[in-house]
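Single-structure report; data block below.
Proteins get letters first, then strands, A, B, ... in listed order; numbering begins at 1 in each. Because the structure is a prediction, the values reported are computed rather than measured.
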Amino acid sequence: MLRLPPFALHQPTTVAEAIAHLAAHAPDVRVISGGTDLLPNIKLAQTRIQHLVSVKFLEELHGVTRTATHLRIGAATALQDLADDEDVRETLPALAFAASRIGSPQIRKMGTLGGNISLDTRCRYINQTELWREALGGCLKSHGTECHVVPGGQGCVASLSADTVPPLIAYGAIAEMVSDKGIRRAPVQDLFQQDGTWHVRIAREELLLAVEIPLPEPTTRVVYRKWAVRQSIDFPLVSVAVRLDGADGVLTGGSIVVSALGPRPRVLPLNAMAGRKIDEELAQALGQLVYDRARPLPNIPYDAEYRRERMVIEVRRAVRVLAGLPERPLAQQA
Amino acid sequence: MPDTASPSPVAVAPVLITLQLNGEPTSVAVPPHWTLLELLRYGLGLTGTKQGCDKGDCGTCTVRIDGEPQLACLTLALEVRDRHVETVEGLGVGGEPHPLQEAFARVGAAQCGFCTPGMLMSASAYVDNLTLQDDPVVRREDIAAALAGNLCRCTGYTKILQAVEEVAQVVLDRQREIEESTAEEP
Ligand SMILES: Cc1cc2nc3c(=O)[nH]c(=O)nc-3n(C[C@H](O)[C@H](O)[C@H](O)COP(=O)(O)OP(=O)(O)OC[C@H]3O[C@@H](n4cnc5c(N)ncnc54)[C@H](O)[C@@H]3O)c2cc1C
Ligand code: SF4
Ligand code: FES
Ligand code: FES
């Protein structure tokens, strides 16, 4: 049985009220949306906090709206609603797919996009009870002085494991935050820093209102690939979004976003590859590129070397899907 | 920056909320840090909803909130104010078991039974949402997807899928009968 320690819960019905609560209690305050990440972390004493501000009753944070140029997704939109939304499925299929692969049906009904963006980093040494962690003497993210993933390391390298983040970055999403100091906008790509103890650059007094994603050109296509041991409930062990721009099978640009590494996703621009054909050779080349430039760590479950090879396989398959080739050529031959 | 332990605990007086619990208006005072699971089991004595992992992994605490299967262990009780909450206690009608409960018992879909209340709540949402237009045939993969957030350590799932499949078939057959009888009328 895991009990929550006492805290105050504020349930504002307007954004202005929410901002006031955040400003009054920062830094000892957190936004609670679906609670599917925050509450387990509080139960495991990974997060210690006295004030929670709920967004459940803030109407304007819920739902998807489409303008001529953008899709705007409220931060408190449930992951399942995002996955089912017709506009999202049509214009941002990789985002809808990523949301549909998170957790379980219950988690997707409760968990939200805003909570996913701010999902705390994960590590096999921190997602444990306090008793378990103390038996190892804690670590940099948990009242200790050592990292068990990188012995002698100076910083925490726990993994960003949010499934929606790679596609959001690949699509060029912009996050909109508000606080008592006004509205701030930043690319989702710039929201993360290389510090696993707290990797999200959203201040405690800030409320994430929405993300805005420019409607992609027909020549821009993104595929998200997640690999985990089970089809359900598991966090990603390999997490990549591949964006290829180009018409008539010729690449003009794009990027590969690799996550489930350390606290920050790795973004590999593909501009230097412009002019190449989108074909099996490109699949092989991009597989090699991620192998060279992105290195999974032994922070989350499964052998890191295996995850590195698996990452290559997922990138190749993503490129093949975008090239209209069979995803698994060897399996199809057999 | 990791959180530091706060020096003094905040005042957490219970707050009075009203919700619809298994169809009954219910008013209850609950502290802000209590989960819905704690309110049900320890505040209201409704122990049908089970406490397993307490952190979202197992699904045995599944209840329906406004019809949707959700996890009571990760829902703060105060967040369900004014909502409809259904637990396994509300599944049967007039002392009779729900068809799913009858099918689980008949085919042997419960062994230790610990996952059963949560399974039943996810399964009941699945069968309640079945429509002839969207689901003309019952498919095990749809049932498995609907139950993907509920773990069972005993049965290997086969009997659970079978029980839900049988009830889903009856539900669709009944809808088909109604459709045919209304189509014949004129
Ligand atoms: C069993 C299980 C399996 C899971 N599997 C996956 C998975 O496969 N992939 C995955 O990505 N995640 C997974 N999760 C994690 C989590 O469910 C999701 O990331 C979910 O999207 C979190 O959203 P939430 O609304 O519940 O966040 P919360 O728990 O409410 O919040 C998480 C963080 O975001 C902050 N936050 C939330 N909303 C705002 C806002 N509007 N403004 C500012 N800050 C905000 C909170 O303060 C907190 O720090 C899983 C969780 C569980 C329990
Ligand atoms: S990466 Fe190191 S410091 Fe960070 S949680 Fe894991 S063991 Fe702790
Ligand atoms: S007890 Fe709630 S999911 Fe396990
Ligand atoms: S019957 Fe024992 S866990 Fe399912």
Using non-hydrogen atoms and a 4.5 Å limit, figure out which bit of [X] sits close to chain A: side chain, backbone, both or neither.
X: B:P31; result: neither
X: B:A125; result: neither
X: B:L151; result: side chain
X: B:C53; result: backbone

Salt bridge or not for B:R139 and B:E165, using N-O below 4.0 Å?
-> no

Donor on one side chain, acceptor on other, A:S239 and A:Y224, under 3.5 Å = yes

By a 4.5 Å heavy-atom criterion (distance strictly below it), what part of [X] contacts chain B: side chain, backbone, both, or neither?
X: A:I233; value: side chain
X: A:L38; value: neither
X: A:R3; value: both

Taking the six-membered ring where the residue is Trp, are the ring centres of A:H10 and A:H51 under 6.0 Å apart?
-> yes

For chain A, the option from B:Q70, B:Q51, B:K55 that forms the most heavy-atom pairs under 4.5 Å | B:Q70

Six-ring centre of A:F235, A:R122 cation under 6.0 angstrom, axis tolerance 45° | yes

A:R101 NZ/CZ over A:W227 ring centroid, <6.0 Å and within 45° of normal | no

Please assess B:F104 against B:Q162 for the test side-chain contact (heavy atoms from CB on, under 4.5 Å), listing each intermediate value before the final yes or no.
-> CA-CA 9 Å; B:F104 267 57; B:Q162 186 188 334; over 6 Å; no

Chain B contacts, top residue of A:S104, A:A45, A:P105 (heavy-atom pairs, under 4.5 Å) = A:P105

Trace of the salt bridge (charged side-chain N to carboxylate O under 4.0 Å, His left out) decision for A:K226 with A:D163 = CA-CA 8 Å; A:K226 165 180 185 170; A:D163 277 303; 2.9 Å; yes

